[in-house]
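Have a look at the structure below, then the notes.
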Amino acid sequence: MTEAAAPGNDIPPFRYTAALADEIERRWQDIWEREGTFHAPNPTGPLADPGHPRAGAEKLYVLDMFPYPSGAGLHVGHPLGYIGTDCFARYQRMAGRNVLHAMGFDAFGLPAEQYAVQTGTHPRITTEANIARYRAQLRRLGLAHDERRSVATIDVDFYRWTQWIFLQIFNAWYDTDAGRARPIAELIAEFQGGSRPTPDGRSWAELSVAERRKIVDDHRLAYVSEAPVNWCPGLGTVLANEEVTADGRSERGNFPVFKRNLKQWMMRITAYGDRLLEDLDKLDWPEPIKLMQRNWIGRSTGAHIGFPVSATGPAVAGEARISVFTTRPDTVFGATYMVLAPEHELVDALVPAAWPAGTRDAWTGGHASPRAAVEAYRKAAAAKTDVERQAETREKTGVFTGAYATNPVNGAQIPIFIADYVLAGYGTGAIMAVPAQDERDWDFAEVFELPIVRTVQPPEGFDGKAYTGDGPAINSAAPDRGLDLNGLGVAEAKARIIEWLEANGHGAGAVTYRLRDWLFSRQRYWGEPFPIVYDETGAAIALPEEMLPVELPEVDDFSPKTFEPDDADSNPETPLSRRRDWVEVELDLGDGPKRYTRETNVMPQWAGSCWYELRYLDPTNSQRFVDAENERYWMGPRPTGDSGRPDCGGTDLYVGGAEHAVLHLLYARFWHKVLYDLGHVSSVEPFRRLFNQGYIQAYAYTDARGAYVSAEEVIERDGGFYLGDTKVNREYGKMGKSLKNVVTPDEMCAAYGADTFRVYEMSMGPLEVSRPWETRAVVGSYRFLQRVWRAVVDEETGALRVTDAPADEATRRLLHKVIDGVRGDMEGIRFNTAIAKLIELTNGLTRLPDTPREVAEPLVLMLAPFAPHVAEELWRRLGHEASLAYADFPTADPALLVATTVTYPVQVNGKVRGRVEVPADASEDDVRSAALAAVAPALAGREPRKVIVVAGRMVSVVA
RNA sequence: GCCGGGAUGGAGGAAUCGGCAGACUCGGAUGCCUCAAAAGCAUCUGCCCGAGAGGGCGUGCGGGUUCAAGUCCCGCUCCCGGCACCA
């Protein structure tokens, strides 16, 4: 720790020291809290305040990605974004807007539960203690949050509405014709009234209760499905696709993950694939993040094509067809074989009793019958984790099923294989293989010696294998079937073949998504219980709204049953299932008291973060999750502006790390759209503008054994790093307890004060860029605040050093230039350059014998977003009674921004050889002749060939 | 492999529209103050040659466009992030 701020014996009594900063900061934090300075008035409800200075003003909703309150507390990296939004919000408030800025806690989740498992302490106890600690740490930073609006996802008052939203989703279906979700009751009414046919055409009245329920449940946006899920034995729970890393391990804990068929709650996010994709265009988000979402949704257009199966297998009727999805229907003439995913449902029915005559040995996997071969291959594929698949080279494996299909365009008999390079979960789980135009198919064809027919002419000189580029179609005609693609480019050929497929009943154009439905249940304790019970038939029944909340019951053992991380055959067991007295419940759901069984899964951690931004708007509302008028005011779409493009609504700024690019941001958009469709919110998107802050990173040091040593004690010398006399190795990365390189905001506040810490974090670089933490550099911001203080307050006497005499011309011009620049920087979230300008202005003042009030006051106001405490203190000392939180941010006088003279650098052949000062309104000819005179020696009598005068910028002479 | 982002002094960064590269800060050097130190303040600080005046070089590398390129174009290298057999 540095002693920079330790008050020495002969430090001037009124110097801005850490001790003084501490006193000022705590005093102002108390004042703000006591006076409710940062309460933002709602249009209606208990938080309305018509007398507020910003009531009815133009609104601005600034949002941070709320934290998970970890037991380790904050390090200096965590508040970077929070300080950024605070500076922005404080500026906007001074600029006249009604600013909503609040902070809550994403408090359900694994770490508290794991800690509870280890210690036996209830997760609520540890979580609430952690929240209290976070609140204290954040308060110490002087963040101007409306504390009345702080919520935590674990609050019963909060999660009752999470459950309520779940019910809305459960009780809704996606009407693809209308392109939106509608209440499930409307679907039932359509079935009942006959305006919508049932799947098998029977009338609604003919169906049994169970049949009706099945049909309805199959439409719901939240549904139970028995489907392949990511089972993680080491965590004892299943995970969403998004929670599994590329190498097949859990994002949390890094345990192996296995594909298992298990009954789980799913959310039909795929229904929203198109809208989640299209509406990205309406958002003011960083392009890379939009791109990541686009890739994740993975929309591809192509066609479904039906390949009739040659009836070799015992159970296949003559008319059976295998439907494939392809993005290249134009290449169908080159389809020389087919591949099904090993899990494909038709496989069993296809497999004949014996290998067809002439089957090559290489296709059989050495098995005597197709059935044995398929069994063996499936078993081998299922036993592999994704890690193992990854580790293996991409050598293609597979086995012949013994069956053949007919290529619908030319009647060719093509063999059907199963192979794990075809994924069960994508498209139809089956492909037509076109080796000539697909690299994977080419590889497989090489291994199994399958024919390769080019159907797109590769360009001259192409010496690769598969050719995936554009070119004229070849070998692609079936004149007797009225089909000829030859000579067409890829796009035209696609259009022609789709037309033909549709006309001849062989297929149709289609769109497929990489996005899968969202696995929504977790076999854990510390999460929101589902508002669902099961009746004696096992049907899932939603509890009525009046029965909310379903409170999380107390249990003795918080842990789900966990297993050896590699135990793929284990089965989940939830903590809640052990509370039989809670699980078994008697309820009257309209047809008299009956016995029901509660759902014992809980919701994933993402649930609360899918809608918390809405609860900030109306946190005390007990009638609705958010009042419609309050939602419309804070988040509703803005009137269509000059662009003519309708606004999507949502928060005006959302700041957080890029690690949530697809998880949280996609889920939250999905929920918001459901709520929009059902008429519960007026905004189409939750987060209009997104800003990804960078990370504060840190150096860590290891000794010869590779053990981390305390970074604080390492010294740099002679180009190396030393702990005492021992040389240590430097690494760069995260800040963390185990890396022994944590620096906390508490330490920084103690050594310099919160204002210095804030200024340092905002000045060290652009908010969106990651950068290394350097404690020794913090002193620069401290000196800056000391200089500001000294410009206003005499360090020896404490008296004001401010004069009412007007500022000199140069200082005044500097002030207005800075005001103009700082305003621009604040709007553009360029706080580092805004602070640099304030430092320049301050450094300009230190040369003066005393400080003109006309400069001191705007300087203090402009400093306020970054260093609010010291700014408030100076503002008061300058004679203002009220807080500056609502004071007008300075405005530049345009007249003072225009310079009277301009200094032109004069280049000769690209090099600056002189400069001339001319009146700002000098004519171009005057500038030219003055410039030529200034560089006459450099020209040495040569006649310039060309002279370029860039008005206000420079003169360039070509000699 | 594919997609995205980046590379500027010893360090973090600035240059917002193709117009003086290096604002501002740290670090370093020298000085003031001091018995001394700390703190604070002042001056200097891209690299090379030169006593100096001055000159040359310089934004990852190689080319190009332009009176003028950190910025635009073409071809690379390295670093960071995402996805990864998605038909």
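Small disclaimer: the values here were computed from a predicted structure and weren't measured. In what follows, every chain begins at residue 1, and chains take the letters A, B, ... in the order their sequences are listed.
Pairs engaging residues 839-848 of chain A under the salt bridge (charged side-chain N to carboxylate O under 4.0 Å, His left out) rule: none recorded [sequence neighbours left out]. Counting only residues at least two apart or in different chains, salt bridge (charged side-chain N to carboxylate O under 4.0 Å, His left out) contacts with residues 828-839 of chain A comprise A:D825-A:R830, A:D825-A:K837. Within the structure, the salt bridge (charged side-chain N to carboxylate O under 4.0 Å, His left out) test picks out the following pairs touching residues 324-338 of chain A (sequence neighbours left out): A:R328-A:D330.
For the pair A:I715 CD1 and B:G28 P, the interatomic distance rounds to 13 Å; values are reported in whole Å. When the P atom of B:G81 is taken as reference, atom OH of A:Y732 falls 11 Å away, rounded to whole Å. Nucleotide B:C67 holds its P atom 17 Å from the CD atom of A:E924, rounded to whole Å. The CZ-P distance, from A:F784 to B:A23, rounds to 17 Å in whole Å. Distance A:H660 NE2 to B:G81 C1': 15 Å, rounded to the nearest Å. Atom C1' of nucleotide B:A84 and atom OH of A:Y426 are separated by 14 Å, given to the nearest angstrom. Taking atom NZ on A:K734 and atom C1' on B:C80, their separation rounds to 14 Å, with Å as the unit. The CD atom of A:E439 sits 18 Å away from the P atom of B:A84 (whole-angstrom rounding).
Residue A:R913 is classed as a sugar-phosphate contact, given heavy-atom separations below 4.0 Å to backbone atoms only. A:Q786 comes within 4.0 angstrom of sugar-phosphate atoms only, judged by non-hydrogen atoms across all strands, and of no base. Residue A:S781 is out of contact with every strand shown, counting any heavy-atom pair closer than 4.0 Å. Within 4.0 Å (heavy atoms only), A:R294 reaches no atom of the nucleic acid at all. When heavy atoms are screened at a 4.0 angstrom cut-off, A:K290 is found touching no nucleic acid atom at all. Counting non-hydrogen atoms under 4.0 angstrom, A:I431 reaches a base of the nucleic acid. Residue contacts for A:A836: at a heavy-atom cut-off of 4.0 Å it reaches a base atom on one of the strands shown.
The P atoms of B:G50 and B:A39 are separated by 37 Å, rounded to the nearest whole Å. Comparing the same atom, P, in B:G55 and in B:G27 gives a spacing of 34 Å after rounding to whole Å. Using atom P as the reference point in both B:U25 and B:U45, the two lie 14 Å apart (nearest Å). Remark: the separation of the P atoms in B:C74 and B:C79 is 24 Å, to the nearest Å. Taking atom C1' in both B:G19 and B:C24, one finds a spacing of 22 Å when rounded to whole Å. Separating the P atom of B:C2 from that of B:A11 is a span of 32 Å, rounded to the nearest Å. Here the separation of B:G10 from B:G4, taken at their C1' atoms, is 31 Å to the nearest Å. To the nearest whole angstrom, the two C1' atoms, one in B:G22 and one in B:G58, are 11 Å apart.
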Q.
How would you summarise protein contacts on nucleotides 9-22 of chain B per nucleotide, using B for base, S for sugar-phosphate only and - for none, with heavy-atom distances below 4.0 Å?
A. ---SSS-B--BB--

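Between A:Q437 and A:T455, the side chains place a donor N or O and an acceptor N or O closer than 3.5 Å (distance only, hydrogens not considered). A:E774 and A:Y699 share no side-chain donor-acceptor pair at under 3.5 Å.
Counting heavy atoms from C-beta outward, A:H506 and A:R321 have side chains that approach closer than 4.5 Å. Put simply, the side chain of A:T842 reaches to within 4.5 Å of the side chain of A:F784, judged on heavy atoms.
In this structure B:G9 sits in the syn conformation; its chi angle is within 90° of 0. Classification of B:C76 as anti follows from a glycosidic angle more than 90° from 0.
Scored by the salt bridge (Lys or Arg N to Asp or Glu O under 4.0 Å) test, A:E287 finds A:K290, A:R294 as partners (sequence neighbours excluded).
When all heavy atoms of A:W773 and A:M735 are compared, the closest pair comes out as CB-CE, 3.9 Å. Nearest heavy-atom pair, A:V399 versus A:Y377, reported as atom, atom and distance to 0.1 Å: CG1-CB, 3.8 Å. A pairwise comparison of heavy atoms in A:L501 and A:A303 identifies CD1-CB, 4.4 Å as the closest pair.
Look at A:R783 and you'll find a side-chain N or O under 4.0 angstrom from OP1 or OP2 of B:G40. Between A:R514 and B:C83, a side-chain N or O to OP1/OP2 separation shorter than 4.0 Å is absent. Contact check, A:R787 against B:U25: a side-chain N or O comes under 4.0 Å of OP1 or OP2.
Comparing A:R15 and A:R328 against RNA chain B, the residue whose closest nucleotide sits nearer the 5' end is A:R15. Along RNA chain B, the nucleotide nearest to A:N843 and the one nearest to A:Y513 differ in position, and the one closer to the 5' end is contacted by A:N843.
For the pair A:K396 and A:Y421, the cation sits on the ring face: its NZ or CZ lies under 6.0 Å from the ring centre, inside 45° of the axis.
You'll find that the side chain of A:W296 is closest to B:C83, out of B:G82, B:C83, B:G40.
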Q) Reading RNA chain B 5' to 3', what string of ( ), [ ], | and . shows its pairs, if Watson-Crick and G-U wobble pairs count only when both distances fall under 3.5 Å? A) (((((((..(((......[....)))((((((.......))))))((((....))))..(((((..]....))))))))))))....

